[in-house]
Amino acid sequence: MNPKFNIRISRSRSLLIITLLIAAYYLVCGIYLNGLGYFNKESLFYIEKARIVFEGSGYKLKVIGLTAPAIPFFATFPFTIISSLLAPVIASALGTAALFYLMATTLVKKSDDDYYLFLLILIFLFHPGLLYTACSGKAIYLALIFFYMFFLNIFKFYTSNTTFHISIASICLVILLFCDYKFIWLTLFFIPLIFSIALQSLNLAEKESLFRMTQSFNSPSLRRKLINKTFAMYIILFILPIASVICYKLLNLTNANDADYFLNSPYATWNVLAERFAYETTALNPQFKSPEVSLLISARMIMFCPLILFAIALFWRSTYQILTLITPFAFVEFLHIKYDKAFLAYEYYLIFLILAILCFAIKAQSLRNSFWFKAILTVIILAQFYTGYYFLSTSQIEDERNFITILLNRTPDTRQDENRDMANYINGLPDGSKILVDDATAYPIVAFTNNVSDMTLPYQEGFLSAIETPGQYVSYILVAGPKNPASGYTILNSRYSPVMNQTGNNYSSLQKAYETDNWILYKLY
């Protein structure tokens, strides 16, 4: 047998073993943090919706089909068998390990030098951002996987010039949109890039892009050929994502009477209220000074990932590769302007780290193997461990700051104690006690309860009737207290009619059964 074939088999098996060990490492870290009480709004939202699907009663098709982002939500389903509370953590741990395997496979195919693989392993083991991706239970891992696959196939197209890779990139973009819809705006900045690709694909002796464009515009046949190629590539790359988004919006319009239900409803997505609360509690502080100043976001990305400059330098003679690498910078600048009432999540910093690693994997064959080159590369990567920690610890988003604090200090997280206390009290109620709950704001409490089927929730047909005449449908009402910052986003608050008019003709009398700082559970008599 060919010895080279044996070496490849051995190396691939070693890579698989390393991936399994990394997955185990992530699982241990994630479960340990979960044991310390760490949860974030996104993972709790997935937990609550998954429990409705598997344990709830009533018509659940709307919850299954319209919960967004859809693919991260579905990714938690297989692991609910193990534990509903751990399902998002298990999914993110295994998903991040899969991301490592994809990137390592690309690197191993391009280079025989194991030192670069060693650096990649270090990044996935110790970079705070990737630990956050793997152990938080958030959907960042899926966005990074398909962001990586999208750009990998774009770069493959540059070397092969076959539209197969553009088609695969289009499929990856579709899945990416259902992992994080904000990536839809990435397509805007591919317009000049597609034109550049079509220009480079013309069979011209001239190599410089500017002269190729001039020559193409001056010749009617070349101009027609350039237009046709540009249009064809737009169709191949964008028609599937656009069609998928249109179909999904029609699905929302049909089932929720709102085409943007998956974007705007707190019952469909976790970030509607989470982003608003994060902005209101932080940005409205008179002493607040935002580090995210327009036109300086790209500079922050470079500070977070100086490796991206090193990676861009590898392609300094390739116009369309440079345009490809510049596209995410324009994308994050646009996000900062478009979503000016929301802070830029850590996920959009991490895409530059993934993109930089992709560039080094692609150029691995031509990388210098000198001691000084490897030393400089190692120093930059080690520096990124600090920048990853700094940007996470100084984030304006509480969930991100809280993660790194608990990870380093290993102290119990008490932020969900109040929700757990209320859930524990509900768990102790007699069997069959029906409770009226608005999970737009109370989804953390629902996530911690034992019996979701005893709750009357907004997805059920009887919810509106229970709001109007609760005495006929439920035994308890969970109300957001006057100090609860979410009280203005739910009808079940201290101004709710049965609470204010406890002896009205249509309402039973109420009595407080249990109260915390932000929540009140009323019993109906």
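As the structure is a prediction and not an experimental result, all values here were calculated from the model.
The only member of Leu250, Ile246, Asn252 that meets side-chain contact (heavy atoms from CB on, under 4.5 Å) when paired with Tyr248 is Asn252.
A donor-acceptor pair is defined here as one N or O able to donate and one able to accept, closer than 3.5 Å; no such pair exists between the side chain of Thr67 and the backbone of Ile64. No donor-acceptor pair closer than 3.5 Å links the side chain of Thr490 to the backbone N or O of Ser487. Using modelled atom types, one side-chain atom of Lys60 and one backbone atom of Val53 make a donor-acceptor pair closer than 3.5 Å. One N or O on the side chain of Asn255 and one on the backbone of Leu251 form a donor-acceptor pair closer than 3.5 Å. Glu333 places a side-chain N or O within 3.5 Å of a backbone atom of Ser298 that can act as its donor or acceptor partner. Looking only at distances, no side-chain donor or acceptor of Tyr26 sits under 3.5 Å from a matching main-chain atom of Val89. The backbone N or O of Lys483 lies less than 3.5 Å from no partner atom in the side chain of Asp517, so there is not a single donor-acceptor pair. Using modelled atom types, one side-chain atom of Ser433 and one backbone atom of Pro430 make a donor-acceptor pair closer than 3.5 Å. The closest donor-acceptor contact from the side chain of Asn427 to the backbone of Ala423 lies under 3.5 Å. The backbone N or O of Ser57 sits less than 3.5 Å from a side-chain atom of Gln460, completing a donor-acceptor pair.
Taking the ring axis of Tyr261 as reference, the NZ or CZ atom of Lys62 stays within 45° of it and closer than 6.0 Å to the ring centre.
Contact of the Leu176 side chain with the Leu173 side chain is registered, since non-hydrogen atoms from C-beta on lie closer than 4.5 Å. The shortest distance between side-chain heavy atoms of Ile71 and Ile175 falls below 4.5 Å. The closest side-chain heavy-atom distance from Leu457 to Val452 is below 4.5 Å. Side-chain contact check for Ser92 versus Thr133: every heavy-atom pair is 4.5 Å or farther apart. Residues Leu307 and Gln384 are in side-chain contact: their nearest non-hydrogen atoms beyond the backbone lie under 4.5 Å apart. Using a 4.5 Å heavy-atom threshold, the side chains of Leu436 and Leu478 count as separate. By the 4.5 Å heavy-atom criterion applied to side chains, Pro241 and Ser170 are counted as neighbours. No side-chain heavy atom of Phe146 sits under 4.5 Å from any side-chain heavy atom of Val174.
Residues Gln511 and Tyr522 bring no donor and acceptor atom of their side chains to less than 3.5 Å of each other. Using modelled atom types and a 3.5 Å distance limit, the side chains of Glu418 and Asn518 yield a donor-acceptor pair. With hydrogens and angles left out, the side-chain atoms of Tyr348 and Asp180 include a donor and acceptor closer than 3.5 Å.
Leu355 CG to Cys305 SG: the interatomic distance, rounded to the nearest 0.5 Å, is 8.5 Å. Distance CZ/Phe45 to CG/Asp439: 7.5 Å, rounded to 0.5 Å. Once rounded to the nearest 0.5 Å, the distance linking NZ of Lys49 with OG1 of Thr269 reads 10.0 Å. Annotation: the span from Asp438 atom CG to Thr456 atom OG1 amounts to 12.0 Å, rounded to 0.5 Å. Rounding to the nearest 0.5 Å places CD1 of Ile404 at 9.5 Å from CG of Asn409. Taking CG of Leu524 as the reference point, atom CD1 of Ile435 lies at 11.5 Å (rounded to 0.5 Å).
The two residues Ile426 and Met455 come nearest to each other via the heavy atoms CG2-CE, 4.0 Å. The heavy-atom pair separating Ala134 from Thr96 by the smallest distance is CA-OG1, 3.2 Å. The nearest pair of heavy atoms linking Phe54 to Thr80 is CE1-OG1, 3.6 Å. Heavy-atom minimum distance, Ala345 versus Ile397: CA-CD1, 3.8 Å. A pairwise comparison of heavy atoms in Asn484 and Ala480 identifies ND2-CB, 3.8 Å as the closest pair. In plain terms, the two heavy atoms of Thr516 and Met422 that are nearest each other are CG2-CE, 4.2 Å.
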>> Show, in sequence, the C-alpha distance, side-chain angles and deciding distance for Asp413 and Phe39, and conclude whether the side chain to side chain contact (heavy atoms under 4.5 Å, CB included) test is met.
In response: CA-CA 8 Å; Asp413 183 8; Phe39 288 93; 5.9 Å; no
> Taking it one step at a time, do Asp399 and Lys41 satisfy side chain to side chain contact (heavy atoms under 4.5 Å, CB included)?
Replying inline: CA-CA 8 Å; Asp399 283 339; Lys41 296 179 178 67; 3.8 Å; yes
>> I'd like to know whether Leu353 forms a side chain to side chain contact (heavy atoms under 4.5 Å, CB included) with Ile308, so could you lay out the CA-CA distance, the side-chain angles of the two residues, the decisive distance to 0.1 Å, and finally the verdict.
In response: CA-CA 7 Å; Leu353 177 62; Ile308 192 67; over 6 Å; no
> What do the steps show when you test Ile168 against Leu152 for side chain to side chain contact (heavy atoms under 4.5 Å, CB included), and what is the final call?
Replying inline: CA-CA 10 Å; Ile168 298 300; Leu152 174 63; over 6 Å; no
> For Tyr476 and Asp454, what are the C-alpha separation, side-chain angles and deciding distance, and is it a side-chain hydrogen bond (donor to acceptor under 3.5 Å, both in side chains)?
Replying inline: CA-CA 10 Å; Tyr476 295 86; Asp454 283 342; over 6 Å; no
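At most 12 non-hydrogen atoms from other residues, nucleotides or ligands lie less than 6.0 angstrom from CD1 of Ile491. Counting heavy-atom neighbours within 6.0 Å of Arg401 CZ, excluding the residue itself, gives a total above 12. For Tyr389, the OH atom counts as loosely surrounded, since its 6.0 Å shell holds 12 or fewer non-hydrogen atoms of other residues, nucleotides or ligands.
Relative orientation of the Phe238 and Phe190 rings is perpendicular, given thresholds of 30° and 60° on the angle between their planes. The aromatic rings of Phe73 and Phe77 stand perpendicular to each other, their planes meeting at an angle above 60°, with 30° marking the opposite boundary.
A distance below 6.0 Å separates the ring centres of Phe329 and Phe352. With ring centers used as reference points, Tyr459 lies 6.0 Å or more from Tyr267. Less than 6.0 angstrom separates the ring centroid of Tyr38 from the ring centroid of Phe403. For Phe189 and Phe331, the gap between ring centers reaches or exceeds 6.0 Å. Here the two rings, on Phe343 and Tyr339, have centers that are 6.0 Å apart or farther. Under the 6.0 Å cut-off for aromatic ring centres, Phe391 and Tyr346 do not qualify, their centroids lying 6.0 Å or more apart. Here Phe183 and Phe150 keep their ring centres 6.0 angstrom or further from each other. For Phe463 and Tyr473, the ring centers are positioned 6.0 Å apart or more. For Tyr46 and Phe79, the distance between ring centers is not under 6.0 angstrom.
Between Lys249 and Asp258, no side-chain nitrogen of the basic residue sits less than 4.0 Å from a carboxylate oxygen of the acidic one, so the salt-bridge criterion is not met. Between Glu275 and Lys182 there is a salt bridge, since at least one side-chain N of the basic residue sits less than 4.0 Å from a carboxylate O of the acidic one.
Taking Lys523 as the reference, nothing meets the salt bridge (Lys or Arg N to Asp or Glu O under 4.0 Å) condition, with sequence neighbours excluded.
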